[in-house]
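Everything below concerns the one structure shown next.
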Amino acid sequence: MIPRTLVSTSVGLALDFARSLARDPGDGPGKTVFFSDITLWLDSQGKTWADLGADYDAVIDELIDAQVPQLYLTLKQKAHAILCDASREGMRLYYPNGDVEHVTPQLRQEVHRGITQSLERDWPPYIQGLIDRGALKTQ
């Protein structure tokens with residue numbers, strides 16, 4: 001959806017990885033891909049963003065500033081932390097009362113599915129609204 005002429009080579013690479021992982025549910029998360037999914041996939045290949053010549057933070061910053069449709073989500077802190085986690089075995093959350101929670105890859109998948117459902121519900125009418133107002137042109 002994002003023309004490569006609008007973004008740097010590094011962002012284009014990240015978008016290509018996302019498209020590939022979205023199309024191959026056996027190798028990726030399926031329809032919705034987060035940067036942590038790409039990072040986890042790269043790790044499974046023995047690679048990092050730096051190995052590809054891409055600065056992870058710069059890629060994210062560029063996409064945030066890009067003149068492309070963006071839909072912002074309100075997430076609980078826990079859900080945000082889980083989505084940002086790119087570890088193989090899941091992370092641990094430490095609470096002020098001393099409790100420790102191991103966030104398993106299965107819980108990460110559940111959070112991922114919930115956000116995917118929200119995007120499936122909210123993205124089409126958002127894009128249609130942009131088209132209806134003339135803010136986005138279709139080809």
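Residue numbers run from 1 in the order of the sequence given.
- A donor-acceptor pair under 3.5 Å links the side-chain atoms of Q70 to the main chain of L63, judged by distance alone.
- Under a hydrophobic-cluster definition in which Ile, Leu, Val, Met, Phe, Trp and Tyr are linked whenever side-chain heavy atoms come within less than 4.5 Å, directly or via other members, V33 and L40 are assigned to different clusters.
- Under the side-chain hydrogen bond (donor to acceptor under 3.5 Å, both in side chains) criterion, S118 pairs with no residue at all, not counting sequence neighbours.
- Of the inter-residue distances, the one linking I38 atom CD1 with F17 atom CZ reads 8.0 Å to the nearest 0.5 angstrom.
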Evaluate the side chain to side chain contact (heavy atoms under 4.5 Å, CB included) criterion for residues L75 and I115: first the C-alpha distance (whole Å), next the side-chain angles of each, then the deciding distance (0.1 Å), finally the verdict.
CA-CA 9 Å; L75 300 175; I115 291 175; 3.6 Å; yes
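- With hydrogens and angles ignored, the 3.5 Å screen pairs no side-chain donor or acceptor of S20 with any backbone N or O of D16.
- Shortest non-hydrogen contact noted between G53 and S10 is O-OG, 3.7 Å.
- Residue pairs meeting the salt bridge (Lys or Arg N to Asp or Glu O under 4.0 Å) criterion with at least one member in residues 57-86, sequence neighbours excluded, are K78-E101.
- A distance of 12.0 Å separates CZ in R121 from OG1 in T116, rounded to the nearest 0.5 Å.
- Contacts of R88 classified as side-chain hydrogen bond (donor to acceptor under 3.5 Å, both in side chains), with partners at least two apart in sequence or in another chain: D43.
- Here E89 pairs with nothing under the side chain to side chain contact (heavy atoms under 4.5 Å, CB included) rule; sequence neighbours left out.
- Once rounded to the nearest 0.5 Å, the distance linking CZ of F35 with CG of L42 reads 11.0 Å.
- Residues passing the side chain to side chain contact (heavy atoms under 4.5 Å, CB included) test with E110 are L107, R113, sequence neighbours excluded.
- Annotation: side chain of T32 is not in contact with side chain of W123 (no heavy-atom distance under 4.5 Å).
- Residues passing the side-chain hydrogen bond (donor to acceptor under 3.5 Å, both in side chains) test with T39, sequence neighbours excluded: W49.
- Checked against side-chain hydrogen bond (donor to acceptor under 3.5 Å, both in side chains), Q77 has no partners two or more places apart in sequence or in another chain.
- Evaluation of the side chain to side chain contact (heavy atoms under 4.5 Å, CB included) rule for D132 yields Q128 as partners, not counting sequence neighbours.
- Side-chain contact between V59 and Y56 is absent, with no heavy atoms from C-beta onward closer than 4.5 Å.
- For L130, the side chain to side chain contact (heavy atoms under 4.5 Å, CB included) test picks out P69, Y126, I127, R133, A135, L136, with sequence neighbours left out.
- Grouping Ile, Leu, Val, Met, Phe, Trp and Tyr by side-chain contacts under 4.5 Å, direct or through others, puts V100 with Y94.
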Check the pair L119, L73 against side chain to side chain contact (heavy atoms under 4.5 Å, CB included), reporting the backbone distance first and the verdict last.
CA-CA 9 Å; L119 289 169; L73 303 172; 4.1 Å; yes
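- From L83, atom CG reaches atom CZ of R108 across 6.5 Å, with rounding to the nearest 0.5 Å.
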